[in-house]
Amino acid sequence: MKKKIWLTVISLIGIVACALCLSACGDGQNNSQHTFHTYVEKATDKYKASDADCIHKATYYKSCSVCGKKSTETFEYGNEPSGHDFGSGVTCTKCSYHKPSDGLVYEVLNGTAYVSGIGTCIDTAIYIADSYKGYHVTKIGDDAFNHCAMLTSVTIPNSVTSIGNYAFRDCTELTSISIPDGITSIGLWSFSSCYKLSYNTYDNAKYLGNQNNPYVVLISVTSKSITFCNIHEKTKIIYNNAFTACTELTSITIPNNVMSIGYEAFLHCSELTTVSIRGNLISIGYNAFEDCNNLSFNVYDNADYLGNRNNPYLALISEHNRYITSFKIHENTEIISDYAFYDYADLKSITIPNNVTIIGNSAFSKCTSLTNMTIPNSVTCIGSGTFSNCTNLTNITIPGSVTSIGDYAFCDCTGLSSVTIDNGVISIGDATFYNCANLTSVTIPDSIKIIGEAFNNCPFLTDITYQGTKVQWESISKSSYWNTDTGEYTVHCTDGNISKADS
């Protein structure tokens with residue numbers, strides 16, 4: 001059980017995509033003909049991600065100018081925010097935003113802030129700040145309010161996109177929580193043992209959300225004996241274990257706005273026969289459809305896929321034979337699910353088509369025979385731990401279509417000697433190349449804005465080629481421990497070199 005939890009508790013990526021993303025684009029009828037999505041900024045209600053408020057412009061998802069598909073990347077649009085006006089009270093007179101609770105603990109990491117604990121706060125109704133020391137608060141950290149038995153309500157600001165593992169576990173007096181529309185990930189057991197928490201119900205399911213959208217997250221079903229459930233069209237996340245052991249559920253349709261299906265979401269749904277996935281899904285969690293023995297997958301080359309009528313091969317769920325040495329993914333596939341090829345120790349080569357946009361968490365972890373990997377320039381997301389422990393990988397090029405590289409993505413790739421990151425990538429996560437013991441050279445583009453604790457324990461790292469100036473290098477937001485236990489490298493900038501001591 002501990003191993004199973006460990007496999008799923010690798011931190012998730014936050015926001016992933018790029019301004020010009022390449023993936024399958026068609027008329028929805030003929031998938032034998034392919035062009036590429038051209039994502040543009042189109043500020044209409046159809047693509048709105050979050051409303052404007054006193055400190056943020058409205059945000060919108062970019063959309064394909066050809067087929068209208070929604071991207072995962074957002075942009076801001078509208079007038080400049082004017083700021084909150086509290087007058088002499090605690091509530092903004094313009095937007096009803098409440099002054100943040102005093103005493104909460106915030107920390108800054110990799111260019112953003114997160115709330116990490118209750119600190120000295122004695123409020124029972126908590127209001128989390130949307131900014132801290134000039135940084136947007138984007139996350140509620142792991143265990144942040146774990147065992148805070150006095151809490152009765154929590155208001156989470158629109159800036160937050162991620163809620164960590166066990167964040168509100170055992171908040172036994174918690175009755176209400178406001179979840180913003182922009183949330184993209186919620187960790188394991190975040191609301192476990194919150195016995196008094198009030199949910200919003202809709203067609204056999206319980207949801208959490210906010211005043212404008214009460215259905216942001218589908219938490220669970222009203223009864224394990226349900227035979228059907230129409231998921232609300234405004235739902236963004238199907239939470240971990242939401243439908244686990246619904247043994248009489250026979251079919252489910254994932255609506256357009258759902259971006260994430262959580263860990264074991266449909267585990268043990270033994271009578272589930274059909275799943276239709278529409279629209280903009282970017283993540284399918286570990287074992288999401290495990291032990292759905294009657295589920296009719298779309299099979300291609302000995303692998304199971306799920307999708308819809310227009311594209312049955314949208315998401316690769318799993319492959320049947322753990323001992324394969326090579327594999328070619330269907331050309332119409334856009335998502336490789338979490339753990340799809342986990343521990344396929346004999347896999348030496350994999351062909352990823354130029355339609356795949358998402359490579360899920362730990363998708364190729366422990367593929368210890370994998371010697372080379374071409375990541376196509378359609379990919380926008382490399383998940384957490386995606387290629388970890390691929391000990392025979394010797395070099396990798398990360399295309400510029402990828403905007404962020406997940407935590408632990410290439411950790412323990414002990415055979416990796418060189419890494420090239422193309423222009424367009426914005427951030428490198430924590431422990432991305434941790435313990436790449438033979439890594440000697442890295443090429444980093446000037447598009448990089450954030451470097452987490454990325455290169456810890458890379459003892460032979462000697463050359464970092466940075467495709468920008470020394471001033472640009474210094475402006476990158478770097479974790480305090482980004483280069484712990486590395487070799488005595490030199491950063492080669494376009495206008496001169498920087499030693500490790502000065503970097």
Parallel, tilted or perpendicular, as decided by the 30° and 60° cut-offs, for the rings of F168 and F191: parallel
Distance in Å, L295 CG paired with D304 CG, rounded so as to fall on 0.5 Å steps: 8.0 Å
Whether F341 and F364 hold their rings parallel, tilted or perpendicular, with breakpoints at 30° and 60°: parallel
Any donor-acceptor pair under 3.5 Å from D143 side chain to N146 backbone: no
Close side-chain approach of T394 to N392, heavy-atom, < 4.5 Å: no
Backbone of L316 reached by a side-chain donor or acceptor of S337 within 3.5 Å: yes
Neighbour count >12 (heavy atoms, 6.0 Å) for atom NZ, K234: no
Heavy-atom side-chain contact between V216 and N210 under 4.5 Å: yes
Pairwise distance OG(S63) to NZ(K42) - rounded to 0.5 angstrom: 6.0 Å
Sidechain-backbone polar pair: D430 side chain, A454 backbone, donor-acceptor under 3.5 Å: no
Point-to-point distance, once rounded to the nearest 0.5 Å, from CD1 of I238 to CD1 of I219: 11.5 Å
Check: S349 main-chain N/O paired with N372 side-chain donor or acceptor under 3.5 Å: no
H232 atom NE2, over 12 foreign heavy atoms within 6.0 Å: yes
S162 side chain to S185 side chain, donor-acceptor N/O pair below 3.5 angstrom: yes
Beyond-backbone contact of L306 with F297, side-chain heavy atoms, under 4.5 angstrom: yes
Min side-chain heavy-atom separation V258-K236 under 4.5 Å: no
Worked check of side-chain contact (heavy atoms from CB on, under 4.5 Å) between V275 and F289: CA-CA 10 Å; V275 174; F289 298 97; 3.9 Å; yes
Candidate pair V425 and I405, rule side-chain contact (heavy atoms from CB on, under 4.5 Å), full reasoning: CA-CA 8 Å; V425 179; I405 307 168; 4.0 Å; yes
S388/S365 under side chain to side chain donor-acceptor pair (under 3.5 Å): CA gap, chis, key distance, verdict: CA-CA 5 Å; S388 61; S365 181; 2.8 Å; yes
Minimum heavy-atom distance P214-Y207, with the two atoms named: O-CB, 3.5 Å
Y114 and D142: CA distance, side-chain angles, deciding distance, side-chain contact (heavy atoms from CB on, under 4.5 Å) verdict: CA-CA 10 Å; Y114 68 98; D142 294 348; over 6 Å; no
Expected output: side-chain S223 to main-chain S225 donor-acceptor under 3.5 Å: yes
Check against side chain to side chain donor-acceptor pair (under 3.5 Å), S270 and T247: CA-CA 5 Å; S270 55; T247 55; 5.1 Å; no
Within-4.5 Å side-chain heavy-atom neighbours: F145 and V115: yes
Minimum-distance pair of heavy atoms, taken over all atoms of I324 and Y344: CG1-CD2, 4.0 Å
T333 (side chain) donor-acceptor with Y313 (main chain) under 3.5 angstrom: yes
Y305 and H330 aromatic ring geometry - parallel, tilted or perpendicular at 30°/60° bounds: perpendicular
Criterion side-chain contact (heavy atoms from CB on, under 4.5 Å) on I352 and T374, from CA distance to verdict: CA-CA 7 Å; I352 301 177; T374 299; over 6 Å; no
Check: Y434 ring centroid to Y408 ring centroid under 6.0 Å: no
Main-chain N/O of A437 paired to N435 side chain as donor or acceptor, under 3.5 Å: no
Donor-acceptor contact below 3.5 Å, side chain S378 vs main chain V356: yes
Donor-acceptor pair, side chain of Y199 and main chain of L218, under 3.5 angstrom: no
Heavy-atom closest pair, residues L370 and K348: CD1-O, 3.4 Å
Crowding at NZ, K206 (>12 non-hydrogen neighbours, <6.0 Å): yes
Working for side chain to side chain donor-acceptor pair (under 3.5 Å), residues E334 and N355: CA-CA 5 Å; E334 297 183 26; N355 293 323; over 6 Å; no
Verdict with reasoning, D181 to N213, per side chain to side chain donor-acceptor pair (under 3.5 Å): CA-CA 7 Å; D181 274 342; N213 179 10; 3.1 Å; yes
Non-hydrogen side-chain atoms of N287 and F266 separated by less than 4.5 Å: no
Whether Y60 and Y77 hold their rings parallel, tilted or perpendicular, with breakpoints at 30° and 60°: perpendicular
Short side-chain to backbone donor-acceptor contact, N158 and P180, under 3.5 Å: no
I426 CD1 to K449 NZ distance, which is reported to the nearest 0.5 Å: 8.0 Å
Nearest heavy atoms of C246 and I226, plus distance in Å: SG-CG1, 4.4 Å
Atom pair CD1 (I421) and OG1 (T397), whose distance is rounded to the nearest 0.5 Å: 10.0 Å
I126 side chain reached by T155 side chain, heavy atoms, under 4.5 Å: no
Parallel, tilted or perpendicular, as decided by the 30° and 60° cut-offs, for the rings of F455 and F433: parallel
Closest non-hydrogen atom pair, S193 against T172: O-CG2, 3.8 Å
Y263 and W189 aromatic ring geometry - parallel, tilted or perpendicular at 30°/60° bounds: perpendicular
Straight-line distance of S153 OG to L174 CG, nearest 0.5 Å: 7.5 Å
Min side-chain heavy-atom separation L439-V419 under 4.5 Å: yes
Nearest heavy atoms of G187 and S190, plus distance in Å: O-OG, 3.0 Å
